[in-house]
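A short write-up of the structure that comes next.
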Amino acid sequence: MPKNSKVTQREHSNQHVTESVADLLAHEDPVDLKASALNVSAEECRGKQLEDLGDQDDRPAWNNKLQYILAQIGYSVGLGNVWRFPYLCQKNGGGAYMIPYLILLILIGIPLFFLELAVGQRIRRGSIGVWNYICPRLGGIGYASCVVCFFVGLYYNVIIGWSIFYFFQSFQYPLPWNECPTVKNQTVIMVEPECDKSSATTYFWYREALDISDSISEGGGLNWKMTLCLLFAWSIVGMAMIKGIQSSGKVMYFSSLFPYVVLICFLVRGLLLRGSVDGILHMLTPKVEKMLDPQVWREAATQVFFALGLGFGGVIAFSSFNKQDNNCQFDAALVSFINFFTSVLATLVVFAVLGFKANVMNEKCVVHNAEKILGYLNSHMLSYDLIPPHVNFSHLTTADYAEMYQVIKTVKEDHFQDLHLDACLLEDELDKAVQGTGLAFIAFTEAMTHFPASPFWSVMFFFMLINLGLGSMIGTMSGIITPIVDTFKVRKEILTG
């Protein structure tokens, strides 16, 4: 072949052929046949959402991890831990109720709590923004959670108002609900008949505090005392929320930790009271057969949701101020088990105090019925032969009365109902299930009237209720304010007001 031919020139050329057609094809990126116009637009939309998330670098953040944990604890630990969990425990089998509660807490409560923490922390928005990010068609769930928080906040702050009223009423000795008020009927001073039929604490709650009308058809006028207390409660919440987490985070240091100080003080004081062990043993004694009732499991699940604040939006709002690399798995487990520990601690306190109250009420029952028996003996309706020889009416014990009661019931079986004697059993007093406002404002206040230095303990108790309610209210209001500020860019101070 001639040297100056084209082939010879290529062979001897200094420009080596480094890529063949096959090499070029091998280095080409594979063509994605699914990259249609719809997929491109979806990717652009997702990219825009991620870009929006990146623009939130100026979002407020917690000062430290402790402040955030205390905020979540303050929100989840509320009034339900103090008065609903003990009631459910008593109603649904004592210690046996804690088994389904703990199982459902691990299987349902912690996973859902972790899910809310994770989604708020990752997307860094309130409930409306989170659901819009997941799917725009689900944005209504975020709005619904804001409405629920609004209604919960309306009634929850009323309870704080009641606690404020009792708090200020506690600064006097004796406590105003210690005795029934007296009325003057012409020249005779007598006890208020309505109070005499019920109790001093019940009368004070319905007539002095609530000033309740006789029926729902009667308005009853304005209760100005409660109106001022409610205004004061909203003012406290407003001041705590006005600067967002910068102000509410600092409040949480006190409002989340102070209730534990009071609960521990009450537990120590309660254990020193006569009969407190009876109440705790009554609570811890398991009724295993109750675990087979589906209603017990349903109420346990309801309490898990209610205790952790799932679905309200407050958990998402608080976690949205976290860094995206925060270990929310640890947070979910920690807050959930602290919540459970608080419920158990509050239950021990409540039943220690109720055990003391049950012993006091049982002794009053014994004294009252012993006076009846003495009257029957003096009027010869009963014979002295029915009274055991060792019974001393001036120092009558509950055991002596129980023995005397059984003898009279056996001998006078035909006419026993006419005597109107009560058995005065301690178990009957302990079985009286009290929940909600009845526990806090009637049963517990009545028990505290028998405490030495009762005004001090009353002040501590209602100050604890105020702080428990305040922590939950801050979380509830955050469930409204945070998503609305994120979505509509409203000025936070104006919206809070």
Side-chain angles (χ1 to χ4, degrees), residues 53 56 58-78 80-81 109-131 133 141-142 145-146 148-150 152-153 156 237-238 240-257 259 305-339 342 467-487 492 495-496:
L53 295 179
Q56 295 188 13
D58 58 343
R59 187 177 183 82
W62 299 103
N63 290 339
N64 51 62
K65 182 67 175 283
L66 177 62
Q67 192 180 76
Y68 164 67
I69 293 295
L70 289 177
Q72 290 287 13
I73 291 172
Y75 174 54
S76 64
V77 175
N81 297 75
I110 295 179
L112 287 176
F113 191 63
F114 164 69
L115 194 63
E116 292 203 12
L117 291 180
V119 75
Q121 180 177 304
R122 173 66 183 86
I123 302 174
R124 304 199 74 194
R125 289 179 182 170
S127 55
I128 297 175
V130 161
W131 284 106
Y133 177 84
I141 298 177
S145 68
C146 289
V148 171
C149 285
F150 176 74
V152 170
Y156 212 90
V237 175
M241 293 292 300
I242 196 71
K243 294 293 184 182
I245 62 170
Q246 277 74 23
S247 56
S248 62
K250 294 178 176 62
V251 173
M252 287 298 183
Y253 281 115
F254 183 79
S255 66
S256 298
L257 294 175
F305 275 82
F306 187 76
L308 294 177
L310 300 175
F312 287 94
V315 175
I316 295 176
F318 280 156
S319 64
S320 69
F321 300 112
N322 264 338
K323 294 180 180 179
Q324 292 186 339
D325 58 351
N326 177 59
N327 185 0
C328 55
Q329 292 175 323
F330 173 76
D331 298 345
L334 178 66
V335 174
S336 299
F337 282 109
I338 288 177
N339 187 291
T342 308
N467 280 276
L468 284 173
L470 181 61
S472 297
M473 272 299 295
I474 290 174
T476 303
M477 291 296 102
S478 296
I480 303 173
I481 295 170
T482 301
I484 292 179
V485 169
D486 290 345
T487 305
K492 186 177 296 181
L495 178 63
T496 304

Self-check item: Shortest non-hydrogen contact between Cys146 and Ile128, atoms and distance
Solution: SG-CD1, 4.0 Å

Practice problem: Identify which one of Phe312, Phe113, Trp62, Tyr68 satisfies the ring pair (Phe, Tyr, Trp, His ring centres under 6.0 Å) criterion when paired with Phe318. | Solution: Trp62

Exercise. Taking Asp486 for its side chain and Gly126 for its backbone only, find out whether a donor-acceptor pair lies under 3.5 Å.
Key: yes

Quiz item: CG/Leu117 to CG/Leu112 distance, rounded to the nearest 0.5 angstrom?
Solution: 11.0 Å

Exercise. Can you see which heavy atom on Gly74 is nearest to which on Met252, and at what distance?
Key: CA-SD, 4.4 Å

Quiz item: Would a 4.5 Å heavy-atom cut-off, applied to side chains only, mark Asp331 and Lys65 as touching?
Solution: yes

Quiz item: Does any N or O in the side chain of Gln121 come within less than 3.5 Å of the main-chain N or O of Ser320, such that one atom is a donor and the other an acceptor?
Solution: no

Self-check item: Under 3.5 Å: donor-acceptor pair, side chain of Arg124, backbone of Asn322
Solution: yes

Quiz prompt | Spacing of CD belonging to Gln324 relative to CG belonging to Asn326, to within rounding of 0.5 Å | solution = 11.0 Å

Quiz prompt | Interatomic distance, Arg125 atom CZ to Thr487 atom OG1 [nearest 0.5 angstrom] | solution = 8.0 Å

Self-check item: Close side-chain approach of Val77 to Pro259, heavy-atom, < 4.5 Å
Solution: no

Quiz prompt | Main-chain N/O of Leu70 paired with Ser256 side-chain donor or acceptor, under 3.5 Å | solution = yes

Quiz item: Does the Asn81 side chain pair with the main chain of Thr342, one donor and one acceptor, at a distance under 3.5 Å?
Solution: no

Quiz prompt | Least distance between heavy atoms, Asn63 atom then Lys250 atom | solution = ND2-NZ, 4.0 Å

Quiz item: What distance separates Leu334 CG from Asn327 CG, expressed to the nearest 0.5 Å?
Solution: 10.5 Å

Exercise. Step through the shown structure and confirm whether more than 12 heavy atoms of other residues, nucleotides or ligands are within 6.0 Å of CZ on Phe254.
Key: yes

Quiz prompt | Phe114 versus Cys328, closest heavy-atom pair with distance | solution = CE1-SG, 3.5 Å

Which donor-acceptor pairs under 3.5 Å do the side chains of residues 475-484 make with protein atoms, sequence neighbours left out?
{"from": "Thr476", "atom 1": "OG1", "to": "Ser472", "atom 2": "O", "distance (Å)": "2.8"}
{"from": "Ser478", "atom 1": "OG", "to": "Ile474", "atom 2": "O", "distance (Å)": "2.8"}
{"from": "Thr482", "atom 1": "OG1", "to": "Ser478", "atom 2": "O", "distance (Å)": "3.1"}

Quiz item: Ile110 and Ala332: which non-hydrogen atoms are nearest, and at how many Å?
Solution: O-CB, 4.3 Å

Practice problem: List the steps, then state whether side chain to side chain contact (heavy atoms under 4.5 Å, CB included) holds for Asn339 with Ile73. | Solution: CA-CA 7 Å; Asn339 187 291; Ile73 291 172; over 6 Å; no

Practice problem: Check whether more than 12 heavy atoms from other residues, nucleotides or ligands sit under 6.0 Å from atom CZ of Phe330, and answer yes or no. | Solution: no

Quiz item: Quick check: does any side chain N or O of Ser336 sit under 3.5 Å from a backbone N or O of Ala333, one acting as donor and the other as acceptor?
Solution: no

Quiz item: Do Val237 and Leu470 have side-chain heavy atoms sitting under 4.5 Å apart?
Solution: yes

Practice problem: Could you tell me whether the side chain of Ser127 reaches within less than 4.5 Å of the side chain of Ile141, counting heavy atoms only? | Solution: no

